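On a predicted model such as this, the values are computed, not experimentally measured, just so you know.
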Amino acid sequence: MDQTRAHGSIQMLLSAEHEAQRIVADARNLKLARLRQAKEEADREVANYRAQMEAEYKKSLSESSGSSDSTVKRLEVETEAKIKSLKETGGKVSPEVVKMLLKHIIVVKC
């Protein structure tokens, strides 16, 4: 009987060991599944953040290029105004400059 009892005890120990291995394997599989899920969530968050940052960058880029277009237009208007002002001033002074040059040319020749 001792042998039968010992054999039964060994069988109980073996079944307990198999059950423990199954529990450990299940826990390991659950842990791996959670890690995969966490990685997928992190990848989605990274992709969303990247898309958001790229959108902000493109927006700021378009705003700055838009402001450079407006700066170019403003500078063109200012340049045209200065050219017009210089032509008006040159037109007013031109007859006097011509008289002065003619006077000096006539004086040198005489």
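- When all heavy atoms of Gly91 and Pro95 are compared, the closest pair comes out as O-CD, 3.3 Å.
- In this view, Val77 satisfies the side chain to side chain contact (heavy atoms under 4.5 Å, CB included) rule with no residue, not counting sequence neighbours.
- Annotation for Leu101: hydrophobic cluster partners, listed by chain and number, are Val93, Val97 (ILVMFWY side-chain heavy atoms under 4.5 Å, direct or chained).
- Residues satisfying the side-chain hydrogen bond (donor to acceptor under 3.5 Å, both in side chains) criterion with Glu80, sequence neighbours excluded, are absent altogether.
- Counting side-chain heavy-atom gaps under 4.5 Å among Ile, Leu, Val, Met, Phe, Trp and Tyr, the cluster of Ile10 also holds Leu14.
- Sorted by first then second residue, the salt bridge (charged side-chain N to carboxylate O under 4.0 Å, His left out) pairs that include residues 88-98, not counting sequence neighbours, number zero.
- Scanning for side-chain hydrogen bond (donor to acceptor under 3.5 Å, both in side chains) contacts around Arg34 gives an empty result, with sequence neighbours left out.
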Show me the donor-acceptor pairs within less than 3.5 Å that the side chains of residues 37-45 make with the rest of the protein, sequence neighbours left out.
unit_1, atom_1, unit_2, atom_2, d
Gln37, NE2, Glu41, OE2, 3.4
Lys39, NZ, Asp43, OD2, 3.1

Anything under 3.5 Å between a donor and an acceptor, one on a side chain of residues 17-30, the other on a protein residue two or more places apart or in another chain? List them.
unit_1, atom_1, unit_2, atom_2, d
Glu19, OE1, Arg22, NE, 3.4
Glu19, OE2, Arg22, NH2, 2.4
Arg22, NH1, Asp26, OD2, 2.9
Asn29, ND2, Ala25, O, 3.3

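- Shown here are the side chain to side chain contact (heavy atoms under 4.5 Å, CB included) partners of Leu75, two or more places apart in sequence or in another chain: Thr71, Glu78.
- Annotation: the span from Ser85 atom OG to Ile83 atom CD1 amounts to 10.5 Å, rounded to 0.5 Å.
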Hey, can you pull the donor-acceptor pairs under 3.5 Å for the side chains in residues 50-58, sequence neighbours left out?
unit_1, atom_1, unit_2, atom_2, d
Gln52, NE2, Glu56, OE2, 3.4

